[in-house]
Protein chains: 2
Amino acid sequence: MPQSHPEPTRFPVTVDIVALTVRDDALNVLLITRLIEPFRGKLALPGGFVLAGEGLGEAAIRELAEEAGVEQVPGHLEQLQSYGPKGRDPRGDVLTVAHLMLAPNFPVLSAGSDAEHAAWYPVSHVLEGETELAFDHGRILADAVERARSKLEYSPLGAAFCGEEFTIAQLRAVYEAVWGTRLDPRNFHRKATGNPGFLEDTGRMTAGDAGRPAALFRLAPAARSAAGEPVRAVLNPPLMRPRP
Amino acid sequence: MPQSHPEPTRFPVTVDIVALTVRDDALNVLLITRLIEPFRGKLALPGGFVLAGEGLGEAAIRELAEEAGVEQVPGHLEQLQSYGPKGRDPRGDVLTVAHLMLAPNFPVLSAGSDAEHAAWYPVSHVLEGETELAFDHGRILADAVERARSKLEYSPLGAAFCGEEFTIAQLRAVYEAVWGTRLDPRNFHRKATGNPGFLEDTGRMTAGDAGRPAALFRLAPAARSAAGEPVRAVLNPPLMRPRP
DNA sequence: GCAAAAGTGTTACGAGTACACCCATGT
DNA sequence: ACATGGGTGTACTCGTAACACTTTTGC
């Protein structure tokens with residue numbers, strides 16, 4: 001920590017949010033279209049400057065509200081990584097602290113004060129280079145997706161993409177979308193329901209869909225915080241994604 | 001990213017380094033004794049302000065040299081997490097980006113410009129509350145240790161605690177020290193040597209120690225970068241620590 | 001009845017654990 | 001010879017993959 005006496009350099013600090021959801025069986029990311037230079041007209045992650053007296057998490061939540069009209073964080077929010085002040089913004093040294101948000105599909109209101117257009121985009125299109133993001137946001141998105149993929153293996157966070165109650169098939173669809181693989185429905189069912197402290201049967205069933213009705217589950221008390229959000233509990237045994 | 005027009009708030013940014021090594025079969029952390037207020041006389045993580053035009057990693061390496069006389073990073077360095085500007089420094093809002101360093105036991109020269117005394121301390125003593133650290137460094141250390149423990153499971157980073165060449169028993173001692181458990185030597189030997197892309201037999205052997213000579217290994221090419229540092233390759237299957 | 005999706009049983013295999021056992025050195 | 005630590009073989013157990021099979025709905 002501080003030990004030299006000259007006044008330390010001060011940096012503008014931003015938070016950027018990688019908000020992920022599953023739509024139409026594909027992993028999607030929330031992006032805004034920039035209205036000002038630099039990178040005007042390009043797609044970018046939502047985010048903005050941290051204000052005086054604010055914590056990082058608070059800033060992320062505020063920016064999400066300002067830029068995408070998200071009034072209440074509907075899922076899980078965690079810090080991802082920081083990207084160093086040097087050479088990532090043409091206007092000067094800016095430090096950014098990237099955050100990862102996993103949420104059920106929610107409407108994007110796009111009420112930003114500068115009226116940026118916020119919308120969902122399939123992650124695969126962006127990562128495969130068909131869309132170029134502003135700043136180093138392409139790299140941040142790649143890091144976020146890798147983190148999300150690995151978190152599904154050993155944490156109950158997959159449920160953050162579902163609503164309050166969900167079927168095993170819905171949960172499996174999340175895993176398949178995030179990992180980009182197909183999973184055996186029978187084996188997945190056993191692994192998910194058999195994992196102690198992961199899921200809790202609500203006793204209720206779906207109705208009206210094709211096929212046999214499915215049991216509705218929610219996160220077990222051990223796997224969620226007071227707010228209902230999935231918590232840092234460990235899946236034991238983990239649900240590993242297929243490796244090549 | 002930036003979208004509002006008023007001049008953004010600027011924050012002092014520091015890097016703090018959690019340098020871990022294994023000494024006397026125990027996990028140790030590099031700490032300095034603070035010579036100035038606040039927390040004068042308390043133990044703290046080495047670190048300091050990021051300068052203009054510097055990246056985060058560069059700043060970490062420079063501070064390690066300044067505060068502990070470490071002229072060349074002898075192991076692995078990665079970013080850990082950032083700790084928010086609000087309420088962690090009595091003098092005002094300071095953002096810190098914590099880094100994790102895993103290294104073989106190296107001499108601490110303690111040549112800091114302010115002559116802080118830098119030395120190794122057993123992690124267990126610090127975490128069990130027998131020593132209070134300055135700022136929020138106790139929490140940062142706890143997060144770093146948890147990250148190190150989990151990284152040993154699925155990455156070749158355990159070798160970062162060893163020198164260029166090492167025996168399986170030395171590597172096992174690292175795992176035992178970091179995890180705080182005993183491991184079966186026979187099973188560990190097989191899991192480590194049998195893991196494709198992890199270790200490479202040098203053909204050389206130890207001599208002079210008690211008992212049968214041991215084969216010397218190094219990191220396999222797939223598991224290390226050009227500089228010889230362990231790289232983000234995945235151990236497959238992972239070496240899991242025993243769970244309760 | 002038939003299609004579709006939920007959920008169970010069964011078998012084969014691969015990895016982990018525990019531990020008996022052999023090997024190669026120093027003293 | 002014996003102690004010390006390195007290294008291999010083997011039996012048991014458990015989680016996983018693959019897939020046949022039963023259950024319960026909509027049409």
Side-chain angles (χ1 to χ4, degrees), chain A residues 25 152-156 158 162 165-177 179 181-218 234-244, chain B residues 25 152-154 158 162 165-177 179 181-218 234-244:
Chain A
D25 294 324
L152 289 207
E153 294 189 332
Y154 57 87
S155 83
C162 302
E165 298 188 351
F166 47 88
T167 67
I168 300 297
Q170 284 164 358
L171 185 63
R172 176 168 50 84
V174 165
Y175 275 77
E176 292 181 332
W179 286 346
T181 55
R182 306 298 296 177
L183 299 172
D184 185 300
R186 291 87 53 121
N187 291 335
F188 182 86
H189 186 280
R190 237 177 325 213
K191 287 204 267 191
T193 56
N195 210 303
F198 184 17
L199 300 178
E200 188 180 53
D201 195 335
T202 64
R204 312 202 310 113
M205 308 282 272
T206 56
D209 303 338
R212 169 175 169 178
L216 282 165
F217 290 82
R218 72 169 76 88
V234 166
L235 247 43
N236 193 11
L239 284 165
M240 300 294 274
R241 59 187 140 166
R243 316 250 179 211
Chain B
D25 293 324
L152 289 208
E153 294 189 332
Y154 57 87
C162 302
E165 299 189 351
F166 48 87
T167 66
I168 301 297
Q170 285 165 356
L171 185 63
R172 177 168 48 84
V174 164
Y175 276 77
E176 291 181 332
W179 285 345
T181 56
R182 307 296 298 176
L183 299 172
D184 185 300
R186 290 92 45 123
N187 292 335
F188 182 86
H189 186 279
R190 237 176 325 210
K191 286 204 267 191
T193 56
N195 210 304
F198 183 17
L199 300 178
E200 189 179 54
D201 196 335
T202 65
R204 311 200 314 112
M205 308 282 271
T206 57
D209 301 339
R212 170 174 168 179
L216 284 164
F217 291 82
R218 72 169 77 87
V234 166
L235 246 42
N236 193 11
L239 284 164
M240 300 293 274
R241 59 186 138 164
R243 315 248 179 211

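In what follows, every heavy atom counts, from backbone to side chain, and hydrogens, waters and symmetry copies are set aside. Below, chains carry the letters A, B, ... as their sequence lines are ordered, and counting in each starts from 1.
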Practice item. To the nearest Å, give me how far apart CZ (A:R204) and C1' (D:dT25) are. Key: 17 Å
Exercise for review: Please identify each residue that fulfils side chain to side chain donor-acceptor pair (under 3.5 Å) with B:D201, with sequence neighbours left out.
Suggested key: none
Revision key, fill the gap. Smallest heavy-atom separation, B:V174 atom then B:G158 atom, equals CG1-O, 3.7 Å
Check your understanding: Of all nucleotides in DNA chain C with an atom under 4.0 Å from a non-hydrogen atom of chain A, which is the first and which the last going 5' to 3'?
Key -> C:dA4 to C:dT10
Review point. For A:R182 and D:dC19, what is the distance between atoms CZ and C1' respectively, to the nearest whole Å?
Key: 17 Å
Review point. Can you name the residues that form a side chain to side chain donor-acceptor pair (under 3.5 Å) with B:E200, not counting sequence neighbours?
Key: B:R218
Exercise for review: Tell me what B:D209 touches on the nucleic acid: a base, only sugar-phosphate, or nothing, going by heavy atoms under 4.0 Å.
Suggested key: sugar-phosphate
Revision key, fill the gap. Per nearest nucleotide of DNA chain C, the residue lying toward the 5' end, B:A207 or B:P238, is B:P238
Revision key, fill the gap. Readout for nucleotides 4-10 of chain D: B = base within 4.0 Å of protein heavy atom, S = sugar-phosphate only, - = neither; 5' to 3' it is BBBBBBB
Review point. Nearest-Å distance, CD (A:E153) to P (D:dT16)?
Key: 12 Å
Exercise for review: Check for a donor-acceptor pair, side chain of A:Y175 on one end and backbone N or O of A:L152 on the other, with a separation under 3.5 Å.
Suggested key: yes
Point to revise | Contacts of B:R204 that satisfy side chain to side chain donor-acceptor pair (under 3.5 Å) - sequence neighbours left out | key: B:E165
Review point. Atom CG in B:L171, atom CZ in B:F188: separation rounded to 0.5 Å?
Key: 4.0 Å
Review point. Of all residues at least two apart in sequence or in a different chain, which pass the side chain to side chain donor-acceptor pair (under 3.5 Å) check with B:D184?
Key: B:R186
Practice item. Would you confirm whether B:N195, through its side chain, and B:P237, through its main-chain N or O, come within 3.5 Å as a donor-acceptor pair? Key: yes
